[in-house]
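Since the structure comes first, as structure tokens, the remarks are kept for the end.
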Amino acid sequence: MKMSSTRRLERLKEAYGNGAIDRRKFLGLTAAAAASMGVMTNWSRNALAAASEVRFDGWGGVVQEAIDKYAFQPYTAKTGRKVVQGTFDDENVVITKLKAATPGQDFQVIHSSGVEYYKKYIDNGWVSEINEANIPNMANVMTAMIEPFRKMTPKLSCVPYDYGTTGIAYNTKVISEAEAKEKGANLLVDKKYAGKIGAYGDMVTRVWYASLQTGQDPNNAQDMEAVWAKVREARDMTKKYWSSGAELMDLMAKEEIVVTEAWSGRIAALQQQGAPVAYHDPKGSYAWMEDMLILKGSPMAECEELINFMLDPATAIAVAEGQNYPPSLDPKKVKLTDKIAKLPAFDPTGEMTSLTFANPDYWSSHSDEWTKQWDRISKGA
Amino acid sequence: MAVSMLSAAEKRRPWILLAPTLAALVLLMLVPIGIMLVYSFYKFQTAGVETPDLNLGNWHEFFSDSYYHGFLWKTARISAITALLCAVMGYPPAYFIAMTSFRHKWLLLLLLIVPFWISFTIRTFSWVHILGEKGVINASLMGLGLISEPIPMLYTEGSVIMGMIHFLLPYMVLNIYVSLDGIDRNLISAARSLGCTNWQAFKEVTLPLSLPGLGAGLLLSFVLAAGSYVTPQILGGRKDSLFGNLIFDTIMKELNWPMGTTLSVVLLVLLGIVSIIYSRYMGLSTITKGLSR
């Protein structure tokens, strides 16, 4: 069957997008094709543009400041390639924008929230295929962190980068360490603190903690009626649902709230600023991992080079210390610092068995229904 | 022949001049609204994924689920309260600016516009530092020993209305001012010379003649408040979301574009009906009259 020139170029672009051919070869072939047609194709223009910069979107705040300072700035200094940065406070915002944009052009590398979100990128057909040979530093990444992603796509579109927990942060002027440890997850529904409780306005976190508070397994709750009742009970005691790390830090620092679920790294940053805040991971605390995801259509060679640079032990350790989240580097293969060893959620075994991550099958099968239900409850229903 | 050709050219000229605006309106407003309308008939599959299986499911859900109706009512109620408070608070300053003999009236008008020089989000966030438990008001009252516990002012319906008044008041004042400034002062003098008191002259002459501006201000305030999303998000508590927040969360959190666009079309129709009612009784030309001055 005869193949049209357009189809040939599309295949060429696909091969480049998947990392099967490098940028130099791709440009050479498309330039030859373009010269023969007397035109410059749209994607070769993009590839040329991408040669000088890579687009990155992350969580902003202290987390992105650390990535920028310890990874992107040295990377630009070394390669001359700029990293153009964007931020989001909710990864769904990125997904919404991607639906109206061109993945790989407007957005390329995303600091994504683990396997739960990985599935959304797969469902939308936005995942690429990384050439792992171009990221030799992946050899240092914990296998336990890579495997959940590989189960979903044998050819990875992302590389795990860091992990942490969503535990409980409390004001030490109001709540003692003993009380926090004794009450655990139930501290967040303690009537004594009604009106001074904060909470992350996110379905998974809400259902996770309600499961713990009703004595159920967060990855296999059997009595959802009890879970939703607890979500409502907690809602009526909640002063504010926060939606970003910056908002969480602001609410705690201004003492608008005295207890909330919290991201471990953000609380560590608050503590370093001298705020009277402590952090406690109750039994079954929600553990999560984050990854650097390359979208389909991105300049793969450049993105892979950037991620490889970010995974270099010296860079990854500096970023981890800056953002206060442990890196994905395997402690059995790479010697990590004492500061990292003291971070909440740090797993010295490299096996991740001590942390409770969300089961992607369980959560993705209920995600749509529960997100809608949570959305209604959060608005008073 | 030449005359008729010239006449045809003259007839075309307004359309040629209007063409860029009309093209922008069609491409940037009507086409997107059309796309939204089509999307409202799509089928939601899973977060971020929908299929073009045209059906009435989203519309059926909207009409049969009282959850959405409650939000419509709350949005209309809060928008109406905000618009009325803007009118009450906006009329006196507009009257003062219009009637003052102060030589540098432009300075007063400039003061009205000054808040627009600061980002809307920052202006909204500033209320957190004023109304919060550690904010200016509570800290002052507690410092003076007038209260022992902070008064809960932030993250309430009241703080949302206050935030929206902060944002909408200049629109109201400017609309009323334009109307008041256009009143022939001789009419007021005539009323006074015929025995009216100041209050009667205001009630019988000034107020009726300024109603178009007041109406335009009310319409603008209501429409902008009803579409508000940022203010309830920042200053509202868990039960203070408006219809705009519902649309945002349906699209951005549930990633359910078909339902989100259905709700967007509903809000558009609601605000369109309000504008039609206004036009029926006041005439939309009163708004353009104000702008053309």
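Here is the naming used below: chain letters follow the sequence lines, and residue numbers restart at 1 for every chain.
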Given that the side chain runs from C-beta out, which part of [X] has a heavy atom under 4.5 Å from chain B: side chain, backbone, both or neither?
{"X": "A/K120", "answer": "side chain"}
{"X": "A/D236", "answer": "both"}
{"X": "A/L251", "answer": "side chain"}
{"X": "A/S378", "answer": "backbone"}
{"X": "A/D123", "answer": "both"}
{"X": "A/K379", "answer": "both"}

What part of [X] gets within 4.5 angstrom of chain A, counting heavy atoms only: side chain, backbone, both, or neither?
{"X": "B/D65", "value": "side chain"}
{"X": "B/I251", "value": "both"}
{"X": "B/I234", "value": "backbone"}
{"X": "B/Y68", "value": "side chain"}

Seminar exercise, completed: Result for side chain to side chain contact (heavy atoms under 4.5 Å, CB included) between A/D368 and one of B/T46, B/N256, B/L255 points to B/T46
Seminar exercise, completed: In short, A/K239 meets B/E133 closest at the heavy-atom pair NZ-OE2, 2.8 Å
Problem set entry | Taking every non-hydrogen atom, the tightest pair across B/Y155 and A/E256 |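 Answer, listing the atom of B/Y155 first, then A/E256: CE1-OE1, 4.4 Å.
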Evaluate whether atom [atom1] of [X] has more than 12 neighbouring non-hydrogen atoms of other residues, nucleotides or ligands under 6.0 angstrom away.
{"X": "B/F41", "atom1": "CZ", "answer": "yes"}
{"X": "B/H60", "atom1": "NE2", "answer": "no"}
{"X": "A/E225", "atom1": "CD", "answer": "no"}
{"X": "A/K97", "atom1": "NZ", "answer": "no"}

Problem set entry | Side chain to side chain, B/K253 and A/D90, heavy atoms closer than 4.5 Å |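 Yes, their side chains come closer than 4.5 Å.
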Exercise. Is there side-chain contact between B/E254 and A/D375, with at least one heavy-atom pair below 4.5 Å?
Worked result: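 Yes - at least one pair of side-chain heavy atoms lies under 4.5 Å apart.
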